[in-house]
Asks: 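Take this structure, written in structure tokens, and hold onto it; I'll ask about it next.
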Amino acid sequence: MSRLEAKKPSLCKSEPLTTERVRTTLSVLKRIVTSCYGPSGRLKQLHNGFGGYVCTTSQSSALLSHLLVTHPILKILTTSIQNHVSSFSDCGLFTAILCCNLIENVQRLGLTPTTVIRLNKHLLSLCISYLKSETCGCRIPVDFSSTQILLCLVRSILTSKPACMLTRKETEHVSALILRAFLLTIPENAEGHIILGKSLIVPLKGQRVIDSTVLPGILIEMSEVQLMRLLPIKKSTALKVALFCTTLSGDISDTGEGTVVVSYGVSLENAVLDQLLNLGRQLISDHVDLVLCQKVIHPSLKQFLNMHRIIAIDRIGVTLMEPLTKMTGTQPIGSLGSICPNSYGSVKDVCTAKFGSKHFFHLIPNEATICSLLLCNRNDTAWDELKLTCQTALHVLQLTLKEPWALLGGGCTETHLAAYIRHKTHNDPESILKDDECTQTELQLIAEAFCSALESVVGSLEHDGGDILTDMKYGHLWSVQADSPCVANWPDLLSQCGCGLYNSQEELNWSFLRSTRHPFVPQSCLPHEAVGSASNLILDCLTAKLSGLQVAIETANLILDLSYVIEDKN
Amino acid sequence: MLSSMAAAGSVKAALQVAEVLEAIVSCCVGPEGRQVLCTKPTGEVLLSRNGGRLLEALHLEHPIARMIVDCVSSHLKKTGDGAKTFIIFLCHLLRGLHAITDREKDPLMCENIQTQGRHWKNCSRWKFISQALLTFQTQILDGIMDQYLSRHFLSIFSSAKERTLCRSSLELLLEAYFCGRVGRNNHKFISQLMCDYFFKCMTCKSGIGVFELVDDHFVELNVGVTGLPVSDSRIIAGLVLQKDFSVYRPADGDMRMVIVTETIQPLFSTSGSEFILNSEAQFQTSQFWIMEKTKAIMKHLHSQNVKLLISSVKQPDLVIYYAGVNGISVVECLSSEEVSLIRRIIGLSPFVPPQAFSQCEIPNTALVKFCKPLILRSKRYVHLGLISTCAFIPHSIVLCGPVQGLIEQHEDALHGALKMLRQLFKDLDLNYMTQTNDQNGTSSLFIYKNSGESYQAPDPGNGSIQRPYQDTVVENKDALEKTQTYLKVHSNLVIPDVELETYIPYSTPTLTPTDTFQTVETLTCLSLERNRLTDYYEPLLKNNSTAYSTRGNRIEISYENLQVTNITRKGSMLPVSCKLPNMGTSQSYLSSSMPAGCVLPVGGNFEILLHYYLLNYAKKCHQSEETMVSMIIANALLGIPKVLYKSKTGKYSFPHTYIRAVHALQTNQPLVSSQTGLESVMGKYQLLTSVLQCLTKILTIDMVITVKRHPQKVHNQDSEDEL
């Protein structure tokens with residue numbers, strides 16, 4: 001019996017941002033994300049009080065998916081960051097911190113939401129057009145003919161995730177592996193439209209990170225017993241592969257909506273088995289060497305195939321189907337009857353392999369665009385974190401392939417951008433306020449809030465009580481340790497800027513990031529030789545950062561625009 | 001077991017409710033409006049500035065509030081705009097009415113109103129006001145629109161005859177619309193998107209039909225992508241289906257497609273039949289036959305250049321396999337809406353696998369420009385380039401946004417804009433009445449006892465008459481509605497709404513007609529009328545009376561006159577006059593129409609204009625009731641621009657704007673608006689009538705009875721009754 005229940009009336013709250021509860025929850029969220037940011041970020045341990053899985057992380061994707069957020073405003077914030085992360089993988093914490101900072105800074109000003117939103121939008125478009133322009137002083141072209149910049153990009157991602165627990169040597173090793181795995185997915189003879197392959201991450205927990213490796217082709221995990229049963233194939237030419245997507249277990253599939261009456265004594269099982277064996281005979285006459293099945297193969301058929309020196313592997317699972325189809329060039333067979341000859345594919349060779357305690361059946365392709373990245377780490381939580389990081393790095397490399405630019409990392413882009421915005425709003429406010437009803441004072445206020453929000457993002461890179469400075473020529477970030485003696489000789493205390501592009505031996509002027517400065521023009525147009533010489537740069541993905549910037553400001557605008565919250569209590 | 005509680009339904013109670021709603025709604029009205037965040041019981045969050053959505057999300061308990069919300073949603077369903085204005089206007093009207101009742105208690109009132117007040121007290125004053133409101137809505141409003149307001153209207157079409165749409169005016173119209181519907185940092189972008197979409201989808205000759213198609217299938221015509229900035233939203237030529245290919249084979253050249261609604265592979269048995277298996281060999285041969293048959297069908301499709309198979313059901317592995325072998329791409333499990341959209345665009349009926357196999361051409365195929373996978377944020381979609389056979393050129397909107405709630409808001413707003421445009425492109429018929437030759441000047445009382453078509457059921461036995469009669473009714477549906485309202489106004493009898501509804505439209509069992517021959521006469525009039533629509537039409541029936549008696553209530557209504565008003569054709573001024581010899585007054589019915597595409601500048605122009613002309617009208621009016629209703633409406637109308645100009649100061653503040661406008665009107669100068677943007681007159685007109693109808697509904701209630709009974713107990717009782 002269905003129960004009809006009267007709907008409870010909803011709860012309606014006005015001006016939600018001004019309430020104390022929202023402010024505290026927002027600041028708690030801000031504290032969580034801020035403390036995670038950067039290479040020296042603090043780790044968070046997330047666990048359920050009733051036991052079970054414990055997650056140690058400093059990544060936004062893991063963090064936010066485990067947090068249980070109830071307040072609708074916070075929900076908007078976290079979902080928008082999660083959506084950003086799921087499409088760009090990187091820059092989640094940056095987006096979250098920037099968004100929280102911006103909301104906090106702007107609220108303090110007490111301007112009307114209309115003005116705030118309008119000006120925020122102008123400033124955002126100013127940032128975007130600068131970062132995309134030729135004169136931008138904080139982005140460098142990515143050269144795919146050498147691995148240097150690509151390695152920098154991957155290494156920056158790995159070092160910014162301290163929960164992976166990697167040593168310096170391990171970081172180098174894993175970044176090289178990730179880059180190799182990525183390069184293996186690029187087809188060799190690409191003309192026009194490139195379709196990237198796929199790198200499959202194979203878990204191998206409890207091993208040393210140094211044991212991680214990349215192999216072309218696909219690894220299918222098997223028990224040792226199963227693997228022993230497979231007979232070695234000795235063949236000089238490529239092996240012929242048949243890949244089935246339909247079940248070969250002898251089930252009688254869909255018989256229609258009516259009834260099927262089976263007379264006494266008629267055994268359908270036998271009939272189907274006959275059919276399967278006929279199929280086996282066809283495979284033998286077609287000289288197939290390897291039969292793979294997504295679902296189950298009937299034991300009799302399996303044995304029959306083995307007798308004729310055909311390797312039969314079943315229960316591949318749906319996830320491996322697409323890479324297998326791609327790698328072998330087969331067409332998944334859905335028929336138990338006649339098989340079209342062009343639906344067979346091929347692999348170069350097969351072999352068995354043992355990594356750690358696990359046994360694998362290794363399919364080696366003719367042309368590799370599919371590879372397997374065997375990833376090792378000491379324990380489960382660190383492995384999970386490393387896997388997420390590898391996926392992020394692979395995704396970032398793909399994004400960089402589409403848009404071959406990288407932004408200077410280590411906070412230098414943010415300080416540079418803030419300097420640019422300050423300069424622009426100070427010297428040329430008319431171009432921003434073209435057709436608007438906003439005043440110059442309002443613009444100055446909002447620009448200051450915007451820039452200080454950007455700067456406090458990089459401020460949160462420092463967790464050990466150090467100070468952050470910026471130079472007055474490039475607008476880059478320099479950090480100084482907590483117990484540095486006095487302000488007298490900066491060049492000796494500071495060695496390199498955040499991204500590693502400049503060193504302190506140049507004649508530069510520094511000032512504290514939190515102090516007020518005169519607006520200055522940050523030097524645009526990077527010198528080409530400077531980029532070439534530096535080998536150890538910290539770099540960020542341009543596409544992800546641009547989108548992160550946009551999402552942060554759009555979300556902040558959205559939240560600032562709220563006048564009511566209606567909560568459905570049903 | 002049941003406890004009932006009754007509260008006097010009054011303007012005061014309704015006003016309190018409306019004021020609360022107004023407080024919520026007025027924060028998101030107009031260009032300065034802000035967003036409201038709603039949570040769903042599932043935990044999803046939704047951003048909205050759509051008044052209808054907000055009101056529904058509140059889950060109000062108060063009965064009057066619920067009634068208001070119902071009125072708003074039915075208005076929205078039709079027009080797609082104006083929910084917030086609805087509430088504000090209603091609230092101001094109620095305020096006006098409330099003020100009058102307060103004043104009435106004042107002993108220092110002029111005599112006229114006092115007597116009037118006593119009169120109301122005697123015979124249920126609210127009902128009188130509600131009747132006066134209805135009279136206003138049905139007879140006066142149209143006249144003011146036609147005679148005074150229409151001279152200020154602008155047209156969205158650059159040339160009225162060919163109805164060519166002017167892009168810049170459409171942009172202005174949409175911008176003003178989205179100003180009130182989406183966040184202010186996105187409204188320009190979204191309105192540009194809508195404008196582009198509109199011009200990309202329409203061919204030059206496409207008419208209302210396209211609106212209908214896009215309106216019906218709007219959900220299928222857009223794709224939401226979360227995680228990207230709003231500015232990444234775009235329009236894609238062709239149709240994007242939210243599915244992935246089951247098998248994709250790239251193809252080019254002459255590509256054809258088929259739609260199937262059942263599995264292609266023959267099955268052992270169909271529903272209701274029985275398949276008897278006698279031997280294993282039989283099973284094997286039948287399986288073999290199925291396989292061969294499937295293979296042959298797919299081969300045949302291949303030979304006909306079919307490269308794409310669209311299926312509303314899941315196809316077996318076998319079909320997918322043979323499709324792949326034959327180079328046919330397959331999309332499965334499409335919803336029935338998606339299939340019907342595709343069928344409407346290309347005019348294709350589903351392909352039925354032939355029983356007897358032949359090499360002849362398959363009739364139900366259509367050419368496709370392209371079909372390829374489309375990847376949006378690492379999710380794969382099917383992108384189809386259909387060749388349209390109707391006026392709609394298929395395009396899909398990809399809506400991006402950081403959160404799903406925002407995308408939904410934009411989708412909602414785009415859909416609303418479509419509805420608004422659909423209404424705008426319709427002509428509006430205006431029917432009203434003017435009193436000409438009012439010889440009997442003293443009888444200012446407006447006597448109008450009898451109107452209404454003789455929708456009278458003929459003798460049940462007389463089937464031959466009944467049929468043509470009903471045909472006429474269908475054609476004159478609008479007129480019927482009008483009759484219904486006339487009846488409500490002029491019957492001078494307390495008949496609740498529900499009863500009226502059952503009463504009017506030819507519901508034979510409840511009515512016992514006394515005069516049947518009249519109907520026949522009326523019928524001939526109607527058919528006559530249909531033939532010569534533009535001619536003058538004199539009601540033929542004079543002083544005939546028909547008495548209806550409703551059995552259940554013992555209410556008798558007598559009609560002294562029967563007259564037939566008809567809907568006139570667009571653009572033709574057709575005065576239909578009806579002489580009422582008894583009264584000595586002569587009234588003429590004027591029918592005119594407002595052409596499609598009428599717009600006015602935004603910023604309360606419509607309201608100020610109507611306010612001005614209503615005040616003028618009220619001054620000329622003889623009847624105090626009419627004067628008062630006009631005054632109340634006129635003053636309430638100003639409430640809307642007041643809210644819109646709330647944040648403006650100085651020269652742009654409301655009093656300044658108002659004085660400027662009135663001055664311009666008095667000196668016959670053109671009105672100057674401080675804001676750019678246009679709004680649909682049709683939408684405003686419909687809003688006004690909806691609000692007035694809602695108000696009359698509120699006023700006719702005299703008591704609210706709360707029944708405290710659990711809903712599921714009702715269910716229990718029902719099931720017991722059934723047993």
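We name chains A, B, ... by the order of the sequence lines, and we start the count at 1 in each one. Note that the coordinates shown come from a computational prediction; the quantities given were computed from them, not determined experimentally.
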Asks: Identify which of K121(A), K75(A), Q331(A), K13(A) forms the greatest number of heavy-atom pairs closer than 4.5 Å to chain B.
Replies: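 Option with the greatest count: Q331(A).
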Asks: Keeping S80(A) on the side-chain end and V403(B) on the backbone end, is there a donor-acceptor pair under 3.5 Å?
Replies: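 Checking the backbone N and O of V403(B) against the side chain of S80(A), no donor-acceptor pair under 3.5 Å is found.
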Asks: Which of the residues V266(A), N270(A), T259(A) is involved in the greatest number of heavy-atom pairs with chain B at under 4.5 angstrom?
Replies: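 The option with the most such pairs is T259(A).
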Asks: Do side-chain atoms of N83(A) reach the backbone of P402(B) as a donor and acceptor pair under 3.5 angstrom?
Replies: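 Pair found, side chain donor or acceptor close to backbone of P402(B).
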Asks: Salt bridge (Lys or Arg N to Asp or Glu O under 4.0 Å) between K40(B) and E567(A): does it pass, once the steps are laid out?
Replies: CA-CA 7 Å; K40(B) 293 181 192 169; E567(A) 271 183 88; over 6 Å; no
Asks: Going by atom types alone, do K295(B) and S338(A) pair a side-chain donor with an acceptor below 3.5 Å?
Replies: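 There is such a pair (donor and acceptor under 3.5 Å, judged by atom type) between the side chains of K295(B) and S338(A).
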Asks: Got a second to check how far K569(A)'s NZ is from T39(B)'s OG1, nearest 0.5 Å?
Replies: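 One gets 7.5 Å once the value is rounded to the nearest 0.5 Å.
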Asks: Report the option among I333(A), V262(A), N120(A) that has the most heavy-atom pairs separated by less than 4.5 Å from atoms of chain B.
Replies: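 Top count of heavy-atom pairs under 4.5 Å with chain B: I333(A).
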Asks: How close do S267(A) and E280(B) get, counting heavy atoms only, and between which atoms?
Replies: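 Smallest interatomic distance, heavy atoms only, reads N-OE2, 3.1 Å.
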Asks: Examine whether an atom of V230(B) lies under 4.5 Å from a heavy atom of chain A, and if so say whether it belongs to the side chain, the backbone or both; otherwise answer neither.
Replies: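 Contact with chain A is through both the backbone and side chain of V230(B).
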Asks: If you count heavy-atom pairs under 4.5 Å with chain A, which of M291(B), E292(B), R49(B) comes out on top?
Replies: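 Sorted descending by pairs with chain A, the first entry is M291(B).
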Asks: If you round to the nearest 0.5 Å, how far is CD of Q275(A) from CZ of F283(B)?
Replies: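 That separation rounds to 6.0 Å.
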Asks: How about Y321(B) and T246(A): does a side-chain donor come under 3.5 Å of a side-chain acceptor?
Replies: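 Not at all, the side chains of Y321(B) and T246(A) share no donor-acceptor pair under 3.5 Å.
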Asks: Counting only non-hydrogen atoms closer than 4.5 Å, does L560(A) touch chain B with its backbone (N, CA, C, O), its side chain (CB onward), both, or neither?
Replies: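 For L560(A), the contact with chain B is made by the backbone alone.
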Asks: How close do Q284(B) and A271(A) get, heavy atom to heavy atom, and via which atoms?
Replies: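 It is NE2-O, 2.8 Å.
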Asks: Find the one option among P72(A), G337(A), C12(A) whose heavy-atom pairs under 4.5 Å with chain B are most numerous.
Replies: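 Ranked by heavy-atom pairs under 4.5 Å with chain B, first place is P72(A).
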Asks: So which part of I339(A) gets closer than 4.5 Å to some heavy atom of chain B, the side chain, the backbone, both or neither?
Replies: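 I339(A) touches chain B through backbone and side-chain heavy atoms alike.
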Asks: Based on non-hydrogen pairs under 4.5 Å, which of A281(B), G401(B), S279(B), G183(B) is most in contact with chain A?
Replies: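 Among A281(B), G401(B), S279(B), G183(B), the one with the most close pairs to chain A is S279(B).
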Asks: In the structure I gave you, are the side-chain heavy atoms of L277(B) and L268(A) within less than 4.5 Å of one another anywhere?
Replies: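 Yes, side chains in contact.
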Asks: Tell me, side chain or backbone of E15(A) under 4.5 Å from chain B's heavy atoms, or both, or neither?
Replies: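 Only the side chain of E15(A) comes within 4.5 Å of chain B.
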Asks: Counting heavy-atom pairs under 4.5 Å to chain A, which of I276(B), L58(B), L46(B), L318(B) comes out on top?
Replies: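 Counting heavy-atom pairs under 4.5 Å, the top option is L58(B).
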Asks: Give, for atom CZ of F288(B) and atom CG of L336(A), the distance between the pair rounded to the nearest 0.5 Å.
Replies: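 These two atoms lie 13.0 Å from each other.
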Asks: Could you grab the distance from atom CD of Q550(A) to atom SG of C400(B), nearest 0.5 Å is fine?
Replies: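 One gets 10.5 Å once the value is rounded to the nearest 0.5 Å.
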Asks: Relative to chain A, which segment of I290(B) carries a heavy atom at a distance below 4.5 Å: side chain, backbone, both, or neither?
Replies: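 Neither part.
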Asks: So what's closer than 4.5 Å to chain A heavy atoms on V45(B): side chain, backbone, both or neither?
Replies: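 For V45(B), the contact with chain A is made by the side chain alone.
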Asks: Distance from C27(B) atom SG to L562(A) atom CG, nearest 0.5 Å?
Replies: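 The SG atom of C27(B) sits 10.0 Å away from the CG atom of L562(A).
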Asks: Could you measure the distance from the CD atom of E554(A) to the CG atom of L228(B)? Nearest 0.5 Å is fine.
Replies: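 Atom-to-atom, E554(A):CD and L228(B):CG are 10.0 Å apart.
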Asks: Side chains of R118(A) and N185(B): does their closest heavy-atom pair fall under 4.5 Å?
Replies: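 When only atoms from C-beta onward are counted, N185(B) and R118(A) do not touch, as no gap falls below 4.5 Å.
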Asks: Can you check whether D568(A) reaches C38(B) side chain to side chain, under 4.5 Å on heavy atoms?
Replies: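 D568(A) vs C38(B): side chains apart.
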Asks: If you apply the rule side chain to side chain contact (heavy atoms under 4.5 Å, CB included), what do you find for L47(B) with I76(A), and how did you get there?
Replies: CA-CA 9 Å; L47(B) 284 150; I76(A) 283 273; 3.9 Å; yes
Asks: Just so I understand: if I count every heavy-atom pair under 4.5 Å between each of S86(A), C245(A), S343(A) and chain B, which residue has the most?
Replies: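 Among the listed options, the one with the most contacts to chain B is S86(A).
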Asks: Just wondering, do S563(A) and Q35(B) contact through their side chains at under 4.5 Å, heavy atoms?
Replies: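 The answer is no, as the side chains (C-beta and beyond) never meet within the 4.5 Å cut-off.
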Asks: Checking heavy atoms, do the side chain of Y264(A), its backbone, both or neither come under 4.5 Å from chain B?
Replies: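 Neither part; nothing is under 4.5 Å.
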Asks: Answer whether the closest heavy-atom distance between the side chains of V36(B) and I566(A) falls below 4.5 Å.
Replies: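 They are in side-chain contact.
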Asks: Below 4.5 Å from any heavy atom of chain A, which atoms of R53(B) appear? Answer side chain, backbone, both or neither.
Replies: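 Contact with chain A: none, neither part.
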Asks: The criterion is salt bridge (charged side-chain N to carboxylate O under 4.0 Å, His left out); which residues satisfy it with E32(B), sequence neighbours excluded?
Replies: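 Counting only residues at least two positions away or on another chain, E32(B) forms no salt bridge (charged side-chain N to carboxylate O under 4.0 Å, His left out).
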Asks: Go through A57(B), S231(B), P266(B) and name the one with the most non-hydrogen pairs under 4.5 angstrom from chain A.
Replies: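 If we count pairs closer than 4.5 Å to chain A, A57(B) comes out on top.
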Asks: Which of the residues D317(B), L37(B), N278(B), I24(B) is involved in the greatest number of heavy-atom pairs with chain A at under 4.5 angstrom?
Replies: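 Heavy-atom pair counts peak at L37(B).
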Asks: Salt bridge (charged side-chain N to carboxylate O under 4.0 Å, His left out) with K379(B): which residues, sequence neighbours excluded?
Replies: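 By the salt bridge (charged side-chain N to carboxylate O under 4.0 Å, His left out) rule, K379(B) matches no residue at all.
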